[in-house]
Amino acid sequence: MPSPGAEAVEVRGVTRSFRGKRALGPVDLVVEPGAFVTLVGPSGCGKSTLLGLIAGFARPSDGSLRAFGEPVGGPDPSRGVVFQEPRLFPWLSVAANVAFGLRSLPKAARRERVAELLELTGLAEAGRLRPYELSGGMRQRAAIARALAPRPRLLLMDEPFAALDAFTRERMQDEVRALWQRTGTTVLFVTHSVDEAVYLGTRVVALSGSPGVIVLDERSKLPALEHPRADPGFAELRERLTEVVRAAAQVRNGPVTS
Amino acid sequence: MRFAFRADPRRGMTAKPAMLRAGAVLVLLAAWQLIAMVRIWPPVFVPEPAAVWRQLVRTSTEGYSGYTLAEHLLVSLRRILLGCLYGVTGGIALGLLIGIVPTVRTLLGPLVTFVRTLPPLAYLSLLVIWFGIEEEPKIWLLLLASLPPVAVATAEAVRGVHEDYLNAARSLGASRWEVPFRVVLPSALPEIITGIRVAVGVAYTTVVAAETVNGVPGIGGMVRDAQRYNQTDVVILGIVVIGLSGLLIDFLLQTLDRRLVPWRGRG
Ligand SMILES: Nc1ncnc2c1ncn2[C@@H]1O[C@H](COP(=O)(O)OP(=O)(O)OP(=O)(O)O)[C@@H](O)[C@H]1O
Ligand SMILES: [Mg+2]
């Protein structure tokens, strides 16, 4: 059983190499429960790799990972994942996709939970549709509903809005923020957008160019505000983060650590 | 030129192509009648359409070689159905194993390809030696003919499943043993159904040939007997019946495909 006082995520000295070439790390990252961590970094620096390691899809080459005090030994329903592509199962209806992770519930409870999640993500009318009948934004919301279904304590999101238009994207950001406030789930959110990272993150983390190591890790009060973008702190943090990411992208090898 | 290219694959045949097709059949029949009438070749080579029609009526009522046309056809269809049923079931299971388990792939992958490249009639003699000349060798032949296309299609599709789907399922609590059935098979379904259509086609071409050995009742047996007595009209009748029933079966499979895989091309 997860220990009650444990950190949501503990990444200690984690590296990951492909064919002997290091792609990530070493990374140390401790995330407190309830945080909304946004992770930015240049393309190819290992953001997806790190997320996959925390999700349990792969093993680190070195170091250790814990989630809520337990060593990460593989994928687990307590760690939900939303991919860059929605990856809904095309042979299932939207409702059945959301219900995929609710196998253990009795039928009535399952139906109730699915209805609740569809309501929560604004898909109440879309339960019977197939994924290919949804718009891009609706698909991504369905993917979020599916990931939330087993009540994960940690939600891992890998550039979930990258494929959406700017308008839909901003609306989805607000929806995710509201979801996070309502459910109290810890969120680790990878993004390419500095603006998005500053808008959403109670903690903003930046990785350097390949192999990615953490070059910035800051707490932020902005997401708690009513209108984060209107706050002078928003532009300030965005500027700083942009600088860091730009510098990180230029120094391809990052700070060398052996 | 009509641009029917995936405008809406669900839309049924509209009036125009239906008329076009009927017209094409009529033109073909007319040409046939003409050729038969001018007697370029004797009727033993090219019988008149009317003669074939008479044979259709006669074989349907009086029968041929002791069985009516419907009985010949049903027996052939039954063989195809049974052979394909075993072949498809085995093909899916084998393809799943080959696609998922690397050891099985190394062991059986080349064997499946080997059998697939053989013309089914090449091993008919062997099957006759093993199983005699009754139903058994015919079913075995169709099984062996229809299994490889399904196995290959399934294995390819299984290997092509994006790992995100597998990872998504695993983090939603699906166990290692559930994933093949809840995720891998359904996402391979489009390719599997395509494989089944290929398999049924192969079974069709195979069954008629297989029925040349003790194939009565059976369409192939009927054609074989007719050829022996130079009854060309019966031979042509047999060919037409086989072709039409094949069209019908493929149409049914296409319908099944649209029902089961509505996301084809949009997933
Ligand atoms: N399965 C793999 N095999 C070999 N190399 C890999 C594999 N997965 C990732 N890599 C390498 O690891 C590095 C980090 O990849 P990763 O996908 O984590 O980057 P990313 O930060 O998510 O990039 P992006 O922002 O473009 O999504 C890349 O250089 C990539 O080439
Ligand atoms: Mg990535």
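Just so we're on the same page: letters track the sequence lines, and every chain starts at 1.
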More than 12 heavy atoms of other residues, nucleotides or ligands under 6.0 Å from [atom1] of [X]: yes or no?
X: A/Arg111; atom1: CZ; result: no
X: A/Glu119; atom1: CD; result: no
X: A/Trp91; atom1: CH2; result: yes
X: A/Phe167; atom1: CZ; result: no
X: A/Arg171; atom1: CZ; result: yes

Query raised in the report: Between A/Val81 and B/Ser171, which heavy-atom pair has the shortest distance, and what is it?
Result: CG2-OG, 3.9 Å
Report summary line: Scored by heavy-atom pairs under 4.5 Å with chain B, the best of A/Ser104, A/Pro75, A/Ser78 is A/Pro75
**Report entry** Top of A/Gly74, A/Gly101, A/Pro77 for chain B proximity - count of heavy-atom pairs under 4.5 angstrom
**Finding:** A/Pro77
Query - side-chain hydrogen bond (donor to acceptor under 3.5 Å, both in side chains) partners of residues 73-94 of chain B, not counting sequence neighbours, each pair once - result: B/Ser76-B/Glu211, B/Arg79-B/Glu135, B/Arg79-B/Glu211
Report task. Return each pair, listed once, that meets side-chain hydrogen bond (donor to acceptor under 3.5 Å, both in side chains) where at least one residue sits in residues 152-164 of chain B; pairs must be two or more places apart or across chains. Result -> A/Arg87-B/His162, A/Arg87-B/Asp164
Report summary line: In this structure, CG of A/Leu88 is separated from CH2 of B/Trp263 (nearest 0.5 Å) by 13.0 Å
**Report entry** Region of A/Pro131 in contact with chain B, defined by heavy-atom distances below 4.5 Å
**Finding:** neither
Report summary line: Applying a strict 4.5 Å limit to non-hydrogen atoms, the region of A/Phe100 in contact with chain B is both
Report task. Just do the side chain to side chain contact (heavy atoms under 4.5 Å, CB included) check on B/Asn167 and A/Phe83 with the steps written out, would you? Result -> CA-CA 10 Å; B/Asn167 285 335; A/Phe83 303 87; 4.1 Å; yes
Query - Pair listing, salt bridge (Lys or Arg N to Asp or Glu O under 4.0 Å) test, anchored in residues 96-122 of chain B, at least two apart - result: none
Query raised in the report: Among residues 173-188 of chain B, which residues come closer than 4.5 Å to chain A, judged by heavy atom distances?
Result: B/Gly173, B/Ala174, B/Glu178, B/Arg182, B/Val183, B/Pro186, B/Ser187
